[in-house]
Amino acid sequence: MKVNAGDLSVLGSMKSHASAPGKIILCGEHAVVYGRPAIALPLTGIRAHAHITGSAPGSGIRFNAPDLGRRWLLSTTPGDPLSELTLTTLQQLGITGMPDVEITITSDIPIASGMGSGAAIATAIVRALADAFGRNLSAEEVSSLVYESERRYHGTPSGIDNTVIAYERAIWFQRRSEPPHLIEPLPMTAAFTLLIGDTGVRSATRLPVGEVRRRWQEDPARYETLFDMVADVVHQVRQALQEGDLMALGPLLNRNQDLLEQIGVSSPHLERLIAAARAAGASGAKLSGGGWGGVMIALVELDVAMQVRKALLESGATRVLETTIGE
Ligand code: PMV
């Protein structure tokens with residue numbers, strides 16, 4: 001059903017809000033861009049929010065992002081990624097004409113750190129727009145709107161970020177050459193705790209992703225072998241989680257880190273935090289996400305969590321978050 005935004009008398013009093021979680025990749029990043037499986041986990045306690053309120057007739061769509069220090073009008077900045085996402089979403093919702101609304105975006109998720117900040121902000125906006133117009137979008141629809149937006153600005157994303165964030169559950173993800181990609185809930189029989197250490201070094205995902213592509217083009221045989229080795233680790237992680245074999249998990253995360261170093265996406269900052277976490281008693285640690293900066297994760301038993309957190313902070317982590325998965 002098509003609806004003209006101007007016909008909606010509710011707009012003046014409109015108020016809607018939606019949020020979306022951050023995420024981390026447990027294992028399989030980068031290889032996932034080349035069709036291998038990866039495991040991603042939502043961080044439900046750390047979120048991006050979009051609030052929509054109706055505004056004066058004729059004012060159009062105004063964005064307000066205080067955390068990013070930005071305000072803009074869709075009509076004067078139509079090429080902004082979030083302006084474009086908003087237009088595509090309104091189109092998908094069957095809204096013609098321009099509603100008069102203010103979209104306020106806030107987020108607790110550090111940007112360019114491998115925690116899915118961009119995809120979470122986009123997801124919150126899509127959901128808040130659907131809610132504002134009394135529509136329902138499935139997780140799959142939300143995910144594909146966000147994917148299109150990420151694809152335009154980030155090169156060749158695998159689709160794992162938008163998927164884990166839109167579904168908000170632990171997923172096994174494998175990209176296929178054509179959608180639908182393989183998305184499965186991850187069976188887990190035991191809970192485990194991760195510390196997430198932020199290097200404080202911001203790194204846009206498309207840079208390491210672009211460099212890996214360049215190296216893969218230069219030496220496809222070597223990179224295909226490395227990606228197969230990552231896939232093997234990811235399959236073993238899945239089995240360990242399914243069997244509740246947490247003893248196996250730490251060494252597998254370490255093995256994934258070794259392979260990420262060989263792929264060329266680690267960094268001295270990441271390796272310093274990873275070494276500190278292992279030395280303080282973490283049973284495994286690796287970078288998470290695009291690499292070259294951003295965050296690392298450490299698997300910890302509760303009795304060493306405090307000392308690992310302390311070691312991370314003493315080694316330069318700008319913040320340390322804790323998350324328990326599978327409860
Ligand atoms: O957005 P990030 O930094 O968490 O990285 C996503 C994971 C990559 O595998 C590096 C890229 C992708 O699109 O899957």
Side-chain angles (χ1 to χ4, degrees), residues 20-43 46 48 81 107 109-123 143-144 146-167 170-177 179 181-183 194 196-216 223-224 226-231 233-234 237 253 256-257 259-267 269-270 286-297 321 323:
K23 72 100 215 327
I24 48 160
I25 295 184
L26 182 64
C27 53
E29 52 275 90
H30 287 287
V32 70
V33 176
Y34 298 81
R36 275 50 167 206
I39 294 172
L41 311 169
L43 294 172
I46 155 166
S107 177
I109 311 167
I111 56 165
S113 62
M115 293 170 78
S117 141
I121 288 172
T123 302
S143 178
S144 85
V146 174
Y147 178 73
E148 278 313 311
S149 166
E150 297 248 298
R151 198 163 68 92
R152 293 189 63 142
Y153 298 95
H154 302 298
T156 53
S158 61
I160 192 169
D161 277 23
N162 48 285
T163 304
V164 65
I165 288 170
Y167 285 79
I171 56 160
W172 171 270
F173 179 90
Q174 190 163 9
R175 182 182 169 72
R176 296 202 176 105
S177 49
H181 306 307
L182 180 63
I183 302 163
L194 294 173
I196 304 166
D198 191 347
T199 60
V201 177
R202 299 291 161 244
S203 168
T205 305
R206 68 187 156 75
L207 300 177
V209 167
E211 177 61 14
V212 172
R213 182 154 301 266
R214 198 187 62 71
R215 293 184 190 190
W216 171 74
Y223 275 79
E224 286 295 320
L226 285 168
F227 298 151
D228 282 340
M229 284 156 83
V230 171
V233 170
V234 176
V237 167
L253 297 186
N256 195 171
Q257 171 62 22
L259 292 166
L260 287 161
E261 287 174 21
Q262 291 179 55
I263 289 170
V265 293
S266 189
S267 76
H269 289 96
L270 284 162
K286 65 180 277 290
L287 70 85
S288 177
W292 284 0
V295 296
M296 50 72 69
I297 53 176
L321 303 169
T323 182

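Note that ligands are numbered from 1 as they come in the structure, with each ligand's atoms numbered from 1 the same way.
- The existence of a salt bridge linking Glu261 and Lys286 is excluded, since no basic side-chain nitrogen approaches an acidic carboxylate oxygen closer than 4.0 Å.
- Glu211 meets the salt bridge (charged side-chain N to carboxylate O under 4.0 Å, His left out) test with Arg214, Arg215; sequence neighbours excluded.
- Around CG of Leu182, the count of heavy atoms belonging to other residues, nucleotides or ligands within 6.0 Å exceeds 12.
- The local environment of CZ in Arg202 is crowded, with over 12 non-hydrogen atoms from other residues, nucleotides or ligands closer than 6.0 Å.
- Listed for the Lys23 side chain is no donor-acceptor partner under 3.5 Å among the backbone atoms of Ala170.
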List of N/O pairs, ligand 1 versus protein, all under 3.5 Å?
from, atom 1, to, atom 2, distance (Å)
ligand 1, 1 (O), Asp161, OD2, 2.9
ligand 1, 1 (O), Thr205, OG1, 3.3
ligand 1, 3 (O), Thr205, OG1, 2.8
ligand 1, 3 (O), Gly290, N, 2.9
ligand 1, 4 (O), Lys23, NZ, 2.5
ligand 1, 4 (O), Gly114, O, 3.4
ligand 1, 5 (O), Gly290, N, 3.4
ligand 1, 9 (O), His30, N, 2.8
ligand 1, 13 (O), Ser158, N, 2.7
ligand 1, 13 (O), Ser158, OG, 3.4
ligand 1, 14 (O), Ser158, OG, 2.5

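- Panel note: side chain Trp292, backbone Ala204; no donor-acceptor pair is recorded below 3.5 Å.
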